[in-house]
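Report on one structure; see the data block that follows.
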Amino acid sequence: MTSTSFKNPLDKNLPKNIRTGVWASFVSAFMLIGIGLFWVIHPTSAEASFSIVADSDAALRFAKITAIFKAVGDVLPPLFVLLAIGMGQFRLAGLFHVLTLVLVIVVDMLTWGLYVPNAGPADIIQHIPFAIPILIAAYYFLKPTSKK
């Protein structure tokens, strides 16, 4: 019976493109986990974003529940990416990055564009800094490596 152990994702024996993807993954994980924590720490920010007036206790509780779901949606994908990287499954981590890009970033951009009252272009493109390290990591993990 073999045991699975975590590997050093920054090992000098790994190709440079894999190490670049790992660093980009760390940056994207830090950003997404940070925004997930923001939603939990400041749940009423959702009300301000969507111009909802917190006129009742029920509205505040709804904002807190929504913030928890938003935080889980922002935190789980980078945890899966970091787990895949720790297991040395870089191609799987790249696929997780593509899914994160589509299911978290693009959906969030569409939500802001469609449902936030008076949303301007700045409100929508504010998600691009989150997408850049995800795109870099996905590219380097999914790019074929030479066997030299």
Side-chain angles (χ1 to χ4, degrees), residues 1-52 61-148:
M1 184 168 140
T2 62
S3 64
T4 304
S5 63
F6 288 105
K7 300 171 178 81
N8 180 3
L10 298 173
D11 187 13
K12 296 293 182 191
N13 296 330
L14 291 172
K16 185 178 189 296
N17 62 330
I18 297 296
R19 286 185 306 207
T20 303
V22 169
W23 280 111
S25 296
F26 288 162
V27 169
S28 71
F30 178 76
M31 292 172 71
L32 285 172
I33 291 171
I35 198 69
L37 290 174
F38 169 80
W39 285 112
V40 171
I41 294 168
H42 301 289
T44 56
S45 296
E47 296 167 349
S49 298
F50 294 99
S51 299
I52 300 170
R61 285 184 294 187
F62 178 74
K64 290 177 183 177
I65 292 169
T66 304
I68 290 170
F69 280 105
K70 177 70 175 135
V72 168
D74 285 345
V75 171
L76 276 183
L79 291 180
F80 283 121
V81 167
L82 294 176
L83 186 62
I85 289 172
M87 298 297 222
Q89 300 294 323
F90 300 111
R91 184 157 175 79
L92 181 62
L95 294 173
F96 282 153
H97 275 299
V98 171
L99 287 173
T100 301
L101 186 67
V102 172
L103 296 176
V104 175
I105 304 300
V106 172
V107 168
D108 214 21
M109 290 173 83
L110 288 172
T111 302
W112 275 80
L114 295 174
Y115 298 110
V116 174
N118 304 321
D123 295 323
I124 296 165
I125 63 172
Q126 70 185 353
H127 296 86
I128 291 176
F130 291 93
I132 291 171
I134 293 172
L135 285 169
I136 293 169
Y139 172 76
Y140 282 117
F141 286 152
L142 297 175
K143 177 179 132 179
T145 58
S146 64
K147 300 293 180 189
K148 296 184 203 181

Does the side chain to side chain contact (heavy atoms under 4.5 Å, CB included) test come out yes or no for Val107 and Val102, once each step is laid out?
CA-CA 7 Å; Val107 168; Val102 172; 5.8 Å; no
Check the pair Leu99 / Val104 against side chain to side chain contact (heavy atoms under 4.5 Å, CB included), numbers first and verdict last.
CA-CA 8 Å; Leu99 287 173; Val104 175; over 6 Å; no
Would Ile85 and Phe90 count as a side chain to side chain contact (heavy atoms under 4.5 Å, CB included) here? Give the steps.
CA-CA 6 Å; Ile85 289 172; Phe90 300 111; 4.1 Å; yes
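Every residue two or more places apart in sequence or in another chain that forms a side-chain contact (heavy atoms from CB on, under 4.5 Å) with Ile132 is listed here: Ile128, Ile136. The side-chain hydrogen bond (donor to acceptor under 3.5 Å, both in side chains) search around Thr100 returns none, not counting sequence neighbours. Partners of Leu92 by side-chain contact (heavy atoms from CB on, under 4.5 Å), not counting sequence neighbours, listed by chain and number: Ala84, Gln89, Phe96.
Applying the salt bridge (charged side-chain N to carboxylate O under 4.0 Å, His left out) definition to pairs two or more places apart or across chains, those involving residues 96-114 are Lys70-Asp108. Every pair tested for salt bridge (charged side-chain N to carboxylate O under 4.0 Å, His left out) that includes a residue from residues 83-107 fails, sequence neighbours excluded, so the list is empty.
Residue Ile105 comes nearest to Ala131 through the heavy atom pair CG2-CB, 4.0 Å, listed as atom of the first residue, atom of the second, then distance. The two atoms that bring Ala71 and Val40 nearest to each other are CB-CG2, 3.4 Å, heavy atoms only.
Here the side chains of Lys16 and Tyr140 are not in contact, with every heavy-atom distance at 4.5 Å or above. Within the 4.5 Å cutoff, the side chain of Val98 has heavy atoms near those of the Leu142 side chain.
Note that CD1 of Ile124 and CG of Leu114 are 8.0 Å apart. Values are rounded to the nearest 0.5 Å. Atom CE of Met87 sits about 12.5 Å away from atom CG of Leu82, to the nearest 0.5 Å. The distance from atom CG of Leu14 to atom NZ of Lys12, rounded to the nearest 0.5 Å, is 10.5 Å.
Within the 3.5 Å criterion, the main-chain N or O of Trp39 finds no donor-acceptor partner in the side chain of His42.
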Which atom pairs, one a donor and one an acceptor, fall under 3.5 Å between side chains of residues 24-34 and the rest of the protein, sequence neighbours left out?
{"unit_1": "Ser25", "atom_1": "OG", "unit_2": "Gly21", "atom_2": "O", "d": "2.8"}
{"unit_1": "Ser25", "atom_1": "OG", "unit_2": "His97", "atom_2": "NE2", "d": "2.8"}
{"unit_1": "Ser28", "atom_1": "OG", "unit_2": "Ser25", "atom_2": "O", "d": "3.0"}

